[in-house]
Amino acid sequence: MAEYDYDVLVIGAGPGGYVAAIRAAQLGLKTACAEGRETLGGTCLNVGCIPSKAMLHASEYFDAAANGAMAKMGIKVTPELDLDTMHAQRRDAVKGLTGGIEFLFKKNKIDWIKGYASFQDAHTVKVGDKSVTAKNVVIATGSTVTPLPGIEIDNDKGVVVDSTGALELKAVPKKMVVIGGGVIGLELGSVWRRLGADVTVVEFLDQLLPGMDGEVRKESGKIFKKQGMVLKLSTKVTGAAVAGDKATVTVEPAAGGAAETLEADVVLVSIGRRANTEGLGLDKIGLELNQRGQIETDHDFATKVDGVWAIGDVIPGPMLAHKAEDEGIAVAENIAGLTGIVNHDVIPGVVYTAPEFAGVGLTEEQAKERGAIKVGKFPMLANSRAKTNHEPDGFVKIIADAETDRVLGVWCIATVAGTMIAQAAQAMEFGATSEDIAYTCHAHPTHSEAIKEAAMAVTGKPIHV
Ligand SMILES: Cc1cc2nc3c(=O)[nH]c(=O)nc-3n(C[C@H](O)[C@H](O)[C@H](O)COP(=O)(O)OP(=O)(O)OC[C@H]3O[C@@H](n4cnc5c(N)ncnc54)[C@H](O)[C@@H]3O)c2cc1C
């Protein structure tokens with residue numbers, strides 16, 4: 001009889017966990033995955049990446065029809081919003097993709113153990129009233145919304161909501177206050193702004209999009225303002241009171257000063273996410289959390305408890321689906337005795353607004369701290385495709401080592417920046433120089449030509465400016 005029920009038990013079926021489970025099964029390991037949600041796919045497929053992109057995509061069409069962008073191209077339409085249908089197509093996308101993971105589990109003979117898991121010891125996990133043993137346990141429990149002290153989120157009521165509630169609003173709010181000018185706040189704020197809401201974004205820091213390149217952050221402020229968002233930077237929220245179906249948010253300058261109030265029909269709290277470890281019983285296996293409440297691992301994603309591994313949002317690093325997925329593949333390969341590696345220096349990040357903001361590698365500020373650099377920039381205004389499509393906003397910026405010319409970071413603002421950044425990530429993974437990119441033939445006319453031109457600009461010789 002086998003010593004354990006499974007070779008691998010994955011806890012959590014988000015992009016980290018479900019990918020780890022599939023890879024482990026592909027490698028011949030007997031695999032199960034515990035998931036407490038009704039559907040597989042985690043935050044990303046159920047209430048994150050996918051539903052937000054469904055709403056962003058649909059609202060972008062509405063906005064283009066409403067704001068005259070289509071009329072500019074000879075298409076005159078007066079859009080009428082059918083919010084129920086917009087929500088229905090979002091739910092459809094989620095249903096299709098989460099069902100797809102269930103199919104992949106069956107195909108790969110992975111047992112989905114339904115329920116929330118809790119450690120009994122390092123190799124025994126309780127899921128509901130079942131006890132399951134495994135030689136290896138991978139913690140992939142992801143993250144949840146960080147609450148703002150003193151502000152109560154009630155997604156059912158729909159006045160003070162988190163990102164999950166903001167995806168489900170039953171009507172377009174007249175006034176929306178977004179607390180936090182990060183990726184999620186700007187994406188969901190953009191959805192409702194496009195559909196007709198007056199959106200005010202309150203951000204504690206002096207620029208939007210913390211973590212991104214300084215110039216990109218500055219430019220993002222200009223772009224969102226131009227689109228009609230009101231930005232309250234260097235401002236902190238001190239409270240929110242709900243009366244009936246309205247909220248009053250109290251804010252004051254981050255550095256201190258006179259308070260003011262903002263009225264809103266909907267307040268979105270989007271100040272970040274925190275690792276999800278509650279109820280896992282980590283004390284039973286002697287696994288402690290770091291100061292940020294995350295599980296620490298080594299380079300192979302092994303925790304300090306033998307046989308227990310961790311990946312995705314629950315460990316340090318950017319909270320991104322593709323980072324979790326890559327770690328899922330790597331951890332399964334390491335468990336199988338292969339060499340699974342994730343290069344955490346090359347993880348692209350994208351804000352899926354219009355235009356999109358994307359970056360990979362070091363910001364100019366970080367690169368300067370490490371040594372001498374050269375920077376090449378090219379404006380989208382001078383890119384023939386962007387110009388033809390009436391998409392003038394943005395630029396590409398390439399940061400290279402001054403001595404070796406090796407590319408250290410690439411930042412793009414463009415309608416398709418999220419797609420463009422893939423070539424930059426691949427080039428960096430291969431250790432490319434800016435000259436390598438400059439001498440790579442790019443199809444014409446494409447937005448990606450701006451990456452080639454920015455690379456040419458590193459040595460001062462772009463053609464089209
Ligand atoms: C609104 C929004 C938009 C986003 N958009 C993007 C985007 O466009 N691109 C991007 O890269 N990232 C995006 N993200 C982030 C992305 O969703 C996460 O980085 C990603 O889902 C992390 O994957 P994970 O597998 O680590 O965890 P999760 O996806 O959080 O999955 C963890 C799963 O574990 C389950 N679980 C937790 N505890 C237990 C337990 N004890 N037992 C059993 N199951 C348990 C949970 O139910 C959950 O399903 C977005 C997030 C949000 C909220």
Side-chain angles (χ1 to χ4, degrees), residues 9-22 32-57 90 94 97-98 101 112-119 125-128 130 132 137-146 161-168 178 180 182-191 268-282 294-295 301 310-329 331 347-353 356-358 418 421:
L9 170 68
V10 182
I11 305 179
Y18 85 72
V19 167
I22 292 173
C33 182
E35 171 59 61
R37 239 180 242 276
E38 292 295 307
T39 46
L40 300 173
T43 303
C44 174
L45 268 61
N46 287 284
V47 292
C49 325
I50 296 303
S52 61
K53 264 79 261 177
M55 294 302 279
L56 278 160
H57 185 65
R90 164 179 59 81
V94 168
L97 290 170
T98 55
I101 307 300
W112 171 10
I113 303 175
K114 295 186 185 182
Y116 286 96
S118 182
F119 281 100
V125 168
K126 211 158 182 254
V127 188
K130 255 195 207 151
V132 183
V137 181
V138 179
I139 303 171
T141 48
S143 61
T144 47
V145 171
T146 307
V161 297
D162 60 17
S163 58
T164 302
L167 287 165
E168 294 276 357
V178 175
V183 182
I184 293 175
L186 291 169
E187 287 188 359
L188 294 175
S190 289
V191 165
L268 164 59
V269 180
S270 52
I271 57 164
R273 295 182 61 82
R274 59 180 185 189
N276 198 5
T277 55
E278 230 177 83
L280 260 179
L282 295 182
Q294 300 157 319
I295 297 174
F301 307 103
I311 55 167
D313 279 9
V314 79
I315 71 168
M319 287 185 167
L320 292 169
H322 42 280
K323 176 240 183 209
E325 286 187 50
D326 284 6
E327 291 176 350
I329 292 175
V331 78
I347 308 268
V350 182
V351 188
Y352 295 88
T353 47
E356 295 177 343
F357 299 79
I421 206 68

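Counting starts at 1 for both ligands and their atoms, following the listed order. In this text the structure is predicted, and so the values were computed from the model without any measurement.
No donor-acceptor distance shorter than 3.5 angstrom exists from the side chain of Ser118 to the backbone of Lys126, with no hydrogens or angles considered.
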Tabulate below the donor-acceptor pairs under 3.5 Å that side-chain atoms of residues 33-45 make, not counting sequence neighbours, or state none.
residue : atom : partner : partner atom : Å
Glu35   : OE1  : Ala13   : N            : 2.7
Glu35   : OE2  : Arg37   : N            : 2.8
Thr39   : OG1  : Asn46   : OD1          : 2.5

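Each of Val137, Ile139, Val138 was checked for a side-chain contact (heavy atoms from CB on, under 4.5 Å) with Val10, and the lone residue meeting it is Val138.
Scored by the side chain to side chain donor-acceptor pair (under 3.5 Å) test, Ser163 finds no partners at all (sequence neighbours excluded). Applying the salt bridge (charged side-chain N to carboxylate O under 4.0 Å, His left out) criterion to Glu356, with sequence neighbours excluded, gives no partner residue.
Each of Ile11, Gly12, Ala13, Gly14, Pro15, Gly16, Gly17, Ala34, Glu35, Gly36, Arg37, Gly42, Thr43, Cys44, Val47, Gly48, Cys49, Ser52, Lys53, Gly115, Tyr116, Ala117, Ala140, Thr141, Gly142, Ser143, Ser163, Ile184, Arg273, Asn276, Leu280, Gly312, Asp313, Met319, Leu320, Ala321, His322, Ala324, Tyr352 has a non-hydrogen atom positioned under 4.0 Å from some atom of ligand 1.
The shortest distance between side-chain heavy atoms of Val269 and Asp162 does not fall below 4.5 Å.
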